[in-house]
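Below: one structure, written as structure tokens.
Note that these values count all heavy atoms, side chains included, but never hydrogens, waters or copies made by symmetry. Just so you know, residue 1 is the first one in the sequence shown, and it goes up from there.
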Amino acid sequence: MHEDSPMSPPASDSSDPLLRRIAEALERLAPAAPGKPDFDAAEAFVWRAEKGTLAPVAKVNRVDISLLRGVDRVRDLLVENTERFARGLPANNALLWGARGMGKSSLVKAAQAAINRRPGVDGKLKLVEIHREDIEGLPALMSMLRESPYRFIVFCDDLSFDAGDASYKSLKAALEGGVEGRPANVLFYATSNRRHLLSREMMENERSSAINPGEAVEEKVSLSDRFGLWLGFHHCSQDDYLAMVHGYAKHYGLDAPAETIERDALEWATTRGSRSGRTAWQFTQDLAGRLGKPLVAAT
């Protein structure tokens with residue numbers, strides 16, 4: 001066809017501006033490749049799986065490790081494991097399981113903060129929280145952390161799996177079973193009310209529907225075996241509960257007669273049908289409010 005043929009497209013196609021606007025709109029909609037996280041920005045981060053990024057946490061919601069009472073044995077075991085890891089020594093993934101409100105997640109956050117302040121660690125231990133619903137993104141997170149000079153505790157609070165939930169396979173692969181394996185600078189801590197992370201209904205369903213029930217259940221129970229350190233939390237005694245209350249009262253300078261604090265604290269626990277660290281903290285907030293004092297650590 002000749003260049004000047006009437007059928008040749010005009011030199012300036014009227015659709016060009018429209019196409020250009022469409023292309024620019026698509027570029028704006030396309031997610032930008034996530035940049036490398038700035039691990040100097042904070043000592044704790046939250047994994048945003050939908051964006052593939054780590055959001056720094058300016059102020060971590062935690063209590064001082066000295067305020068965690070009634071869990072001395074598991075506290076010492078977790079602190080020792082965490083310090084070994086922070087210093088580049090072998091350490092285990094940890095599963096903190098058991099009674100609600102006994103300080104499982106509080107202990108993880110407090111242990112990381114306590115170890116981070118010790119000489120030789122000096123802030124090199126970072127805490128990364130991953131939400132339960134984002135567990136399938138765990139392999140991508142670990143790949144992001146693998147090349148960093150820092151050491152990381154990846155932490156999932158209230159981890160458990162129900163019937164039909166296959167994301168536990170991603171957790172198994174990320175912890176030990178994948179081709180790359182868990183990065184040497186990453187440790188995984190989880191809390192759960194279930195020792196085996198699976199509901200009884202889920203395990204019974206597997207038994208009833210599998211060709212080989214024993215093997216089907218064993219494959220799911222083996223998830224807990226990826227955690228070398230199992231730490232059990234149980235309901236506390238009255239003495240431990242009152243020790244928690246007095247510890248909080250002293251720490252925050254809540255001046256009231258010891259007998260009054262104990263009487264009110266026991267009544268508070270009775271009305272809730274539970275003695276636990278969470279109950280002690282809730283009572284402390286009520287006590288501080290009644291005394292008209294903010295919860296600021298006493299100097």
Side-chain angles (χ1 to χ4, degrees), residues 28 30-68 75 78-94 96 103-159 170-171 174-176 178 180-191 227 229 295-297 299:
R28 290 194 297 270
K36 290 186 177 181
D38 179 12
F39 291 120
D40 292 322
E43 63 174 331
F45 299 81
V46 175
W47 172 242
R48 304 299 189 195
E50 70 282 1
K51 298 180 180 179
T53 60
L54 286 167
V57 178
K59 181 175 176 58
V60 180
N61 178 28
R62 62 182 165 214
V63 300
D64 190 88
I65 198 167
S66 65
L67 295 175
L68 299 177
R75 177 201 61 204
L78 188 71
V79 167
E80 181 181 348
N81 190 70
T82 304
E83 182 164 13
R84 287 202 305 264
F85 171 69
R87 297 188 185 282
L89 298 172
N92 278 303
N93 299 314
L96 291 72
K104 298 185 292 294
S105 61
S106 295
L107 179 56
V108 171
K109 292 181 284 187
Q112 181 258 348
I115 297 304
N116 232 0
R117 294 194 294 264
R118 295 188 178 179
V121 179
D122 302 321
K124 298 297 184 182
L125 179 64
K126 305 294 183 178
L127 183 69
V128 177
E129 182 177 28
I130 181 171
H131 297 141
R132 158 67 189 85
E133 59 271 20
D134 295 331
I135 282 295
E136 289 185 344
L138 188 56
L141 170 59
M142 290 195 170
S143 295
M144 178 181 290
L145 304 179
R146 187 180 297 273
E147 301 303 323
S148 173
Y150 292 96
R151 303 187 75 76
F152 301 92
I153 294 174
V154 176
F155 169 52
C156 185
D157 192 22
D158 198 18
L159 178 63
S170 297
L171 177 57
L175 292 182
E176 289 183 11
E180 290 184 301
R182 173 170 55 85
N185 65 332
V186 175
L187 211 55
F188 190 83
Y189 284 1
T191 70
F227 296 89
L229 189 61
L295 284 173
V296 178
T299 55

query = Taking side chain as C-beta onward, heavy atoms only, is Leu159 less than 4.5 Å from Leu171?
reply = yes
All side-chain hydrogen bond (donor to acceptor under 3.5 Å, both in side chains) counterparts of Asn116, not counting sequence neighbours = Glu43
query = Do Thr82 and Leu187 come within less than 4.5 Å of each other through their side chains, counting heavy atoms only?
reply = no
Lys126 (side chain) donor-acceptor with Ala42 (main chain) under 3.5 angstrom = yes
query = Hey, mind stepping through Val46 and His131 against side-chain contact (heavy atoms from CB on, under 4.5 Å) and telling me if it holds?
reply = CA-CA 8 Å; Val46 175; His131 297 141; 3.9 Å; yes
ask   = Are any non-hydrogen side-chain atoms of Phe155 and Thr191 less than 4.5 angstrom apart?
value = yes
note = Sorted by chain and residue number, the salt bridge (charged side-chain N to carboxylate O under 4.0 Å, His left out) partners of Arg151 (sequence neighbours excluded) come out as none
request  = Answer yes if the ring centres of Phe45 and Phe152 are under 6.0 angstrom apart, and no otherwise.
outcome  = no
query = Below 4.5 Å, heavy atoms only, C-beta onward: do Asn92 and Phe227 meet side chain to side chain?
reply = no
Side-chain heavy-atom pair Val128, Val186 within 4.5 angstrom cut-off = no
query = Do any N or O atoms from the side chain of Asn185 and from the backbone of Leu145 form a donor-acceptor pair under 3.5 angstrom?
reply = yes
task = Could you check if a side-chain atom of Leu127 sits within less than 4.5 angstrom of a side-chain atom of Tyr189, using non-hydrogen atoms only?
result = no
request  = Inspect the surroundings of CD in Glu133 and state if more than 12 heavy atoms from other residues, nucleotides or ligands are less than 6.0 Å away.
outcome  = yes
query = Side chains of Phe188 and Leu138: closer than 4.5 Å at any heavy-atom pair?
reply = yes
key: Side chains of Tyr150 and Leu125 in contact at under 4.5 Å (non-hydrogen atoms)   = no
